[in-house]
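Quick notes on the structure that follows.
All values reported here derive from a predicted model rather than from experimental measurement. For reference, positions follow the sequence shown, starting with 1.
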Amino acid sequence: MSRFADFGNALHSGRTSYPFVGRAKLWLTIAAALVGLSLLVPVAKGGFNLGIDFTGGSEFTVSAVAEPEVETGREAVAASSDAAEVEVTNIAPGTIRVQTEQLDDDETLAVKDALVEAYGVSEDEVTSTFVGPTWGAGVTRQALQGLVAFVVLATVLMALYFRTWKMSVSAIAGMIASVAITAGVYSLVGFEVTPSAVIGFLTVLSYSLYDSVVVFDKVRENTEGLLDGTAPPERAGRRFSDQVNLAVNQTLVRSINTSVVGILPVGSILFIGWLVLGAGTLKDLSLSLFVGIIVGTVATLFVASPLYALLRSRDADVREQEARAGAPAERAAEEAAAH
């Protein structure tokens, strides 16, 4: 713990520094490649594994199951219907969910009877429902409309808050990269896309923006007064890009702590709840959150902050300020000579 505190102090004072801004083009190139691969994964796999809520189909819920074996449900459906797509999930202790393509009335009754016999439960313990594809289409449309509205409002509000559209655009770019990579991992693993997963993706948006805002607040604090010559003596003469990089390093420990605190309960749900306790309904939400929190933190460090420094590096006032301040090596030599 002491070493970690020393590490944080070294980052905050600038004695230890990682080149998040100095190698901005490298990080952004890697991020663009990862986003491109993430977009190609669902294309190569023929799309996402959409759940019954988006495609429509029949769903059975079997309660009070003494031995909730997934294979038992698959065998019962295969023996009683011609359904080609069968998804059997242990959604809670003693509860099995069976999802299939749309079945007619006779097949529905046959599958229900087969599940009653296979799991040794009464008829009252097996319920069946039908979900139409139009419900899923409506959810998808509303989710996309909500996403567009969220991005527009977040862009405008962040531009007003930071008083520069370049911070807003950089934060949104980091957020989009987070969601794209998270969706790519989700597609690669083959998890089913359900309304819970969509909620997880929307939560990732908020987390990514929150992390970027915290870092950008420190960037604004570190660069205040640099361009108009009103910065205090301890910061006067420092290069704008160096101060941005210092801000990212100063908030690095906080970002690590926040992400660790966030992924610990989510990881518990994902690995213990799903694998040990069989909480299958939580896996969609927990996987998207688990990956999204990690990627969102990394995207703030390697996408949002470097992109902001890169965008500002083309501004005339920033170029003039950095020319006056000189390169770090030159400044270090001047400070050494002065002493």
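- Taken together through direct or relayed side-chain contacts under 4.5 Å among Ile, Leu, Val, Met, Phe, Trp and Tyr, Val152 and Leu157 form parts of separate hydrophobic clusters.
- With hydrogens and angles disregarded, a donor-acceptor distance shorter than 3.5 Å links the side chain of Thr251 to the backbone of Ala247.
- Residues Leu28 and Val303 form a side-chain contact, since some pair of their non-hydrogen atoms from C-beta on lies under 4.5 Å apart.
- Between the side chain of Ser305 and the main chain of Val248, no donor-acceptor pair closer than 3.5 Å is present.
- Both cation-pi conditions hold for Arg220 and Tyr161: the charged atom is under 6.0 angstrom from the six-membered ring centre and inside a 45 degree cone around its axis.
- With hydrogens and angles left out, the side-chain atoms of Ser241 and Glu322 include a donor and acceptor closer than 3.5 Å.
- In this structure a side-chain-to-backbone donor-acceptor pair under 3.5 Å is missing from Glu67 to Gly120.
- At a threshold of 4.5 Å between side-chain heavy atoms, the hydrophobic network of Ile, Leu, Val, Met, Phe, Trp and Tyr places Val213 and Leu311 in two separate groups.
- Taking CG of Leu226 as the start and CZ of Arg239 as the end, the distance is 11.5 Å to the nearest 0.5 Å.
- The CG atom of Leu103 sits 5.5 Å away from the OG atom of Ser81 when rounded to the nearest 0.5 Å.
- The nearest pair of heavy atoms linking Gly292 to Thr182 is CA-OG1, 3.4 Å.
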- Item | Intermediate values then yes/no, side chain to side chain contact (heavy atoms under 4.5 Å, CB included), Phe20 and Leu252 | CA-CA 11 Å; Phe20 296 106; Leu252 179 59; 4.3 Å; yes
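- Using a 4.5 Å heavy-atom cutoff, the side chains of Thr89 and Val70 are not in contact.
- Counted within 6.0 Å of CD on Glu71, heavy atoms from surrounding residues, nucleotides or ligands total more than 12; the atom is thus considered enclosed.
- Counting only distance, with no hydrogens or angles, the side chain of Glu125 and the backbone of Val65 share no donor-acceptor pair below 3.5 Å.
- Within the 3.5 Å criterion, the main-chain N or O of Thr230 finds a donor-acceptor partner in the side chain of Asp228.
- The shortest side-chain heavy-atom distance between Leu310 and Lys25 falls under the 4.5 Å cut-off.
- A donor-acceptor pair under 3.5 Å is formed between the side chain of Trp27 and the backbone N or O of Pro19.
- At most 12 non-hydrogen atoms from other residues, nucleotides or ligands lie less than 6.0 angstrom from CG of Asp105.
- Put simply, the side chain of Tyr186 never gets that close to the backbone of Leu287: no donor and acceptor are under 3.5 Å apart.
- Annotation: side chain of Arg254 is in contact with side chain of Asp211 (closest heavy-atom distance under 4.5 Å).
- Within the model, atoms CG of Asn222 and CG of Leu246 stand 5.0 Å from one another, a figure rounded to the nearest 0.5 Å.
- Closest of all the heavy-atom pairs between Ala159 and Trp165 is CB-CA, 4.2 Å.
- At a threshold of 4.5 Å between non-hydrogen side-chain atoms, the residues Tyr207 and Leu289 do not count as touching.
- Hydrophobic clustering (side-chain heavy atoms under 4.5 Å, transitive across Ile, Leu, Val, Met, Phe, Trp, Tyr) groups Ile294 together with Leu264.
- For the atom pair Ser58 OG and Lys112 NZ, the distance stands at 12.5 Å (nearest 0.5 Å).
- Nearest approach of Ala180 to Ser38, heavy atoms of both residues: O-CB, 3.3 Å.
- Not a single donor-acceptor pair under 3.5 Å links the side chain of Thr72 to the backbone N or O of Pro68.
- In this structure, Val318 and Leu227 have side chains that are in contact, with non-hydrogen atoms separated by less than 4.5 Å.
- In the hydrophobic clustering of this structure, Leu26 groups with Val295; members are Ile, Leu, Val, Met, Phe, Trp, Tyr whose side-chain heavy atoms approach within less than 4.5 Å, directly or through other members.
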- Check the pair Phe302 / Ile30 against side chain to side chain contact (heavy atoms under 4.5 Å, CB included), numbers first and verdict last. CA-CA 9 Å; Phe302 293 96; Ile30 294 174; over 6 Å; no
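- Counted by atom type alone, Ser17 and Asn245 present one or more donor-acceptor pairs between their side chains at under 3.5 Å.
- When all heavy atoms are compared, the tightest approach of Ser187 to Phe48 is CB-CE2, 3.5 Å.
- For the pair Glu59/Arg97, a side-chain contact is recorded, criterion being any heavy-atom separation below 4.5 Å from C-beta on.
- Using a 4.5 Å cut-off between side-chain heavy atoms of Ile, Leu, Val, Met, Phe, Trp and Tyr, with links allowed through other members, Leu209 and Leu160 fall into different hydrophobic clusters.
- Side-chain contact between Thr95 and Thr61 is present, with at least one heavy-atom pair separated by less than 4.5 Å.
- Here the closest non-hydrogen pair linking Thr258 and Tyr210 is CG2-CE2, 4.2 Å.
- Distance check, rounded to the nearest 0.5 Å: CZ of Arg312 to CE of Met167 gives 7.5 Å.
- Judged by distance alone, with hydrogens and angles left aside, the side-chain atoms of Ser168 form a donor-acceptor pair with the main-chain N or O of Thr155 at under 3.5 Å.
- Scanning all heavy atoms of the two residues, the minimum distance from Ile96 to Tyr119 falls at CG2-OH, 3.8 Å.
- At least one donor-acceptor pair under 3.5 Å links the side chain of Thr223 to the backbone N or O of Val219.
- Glu87 CD to Glu101 CD: the interatomic distance, rounded to the nearest 0.5 Å, is 13.0 Å.
- A donor and an acceptor atom, one from each side chain of Thr164 and Tyr308, are nowhere located under 3.5 Å apart.
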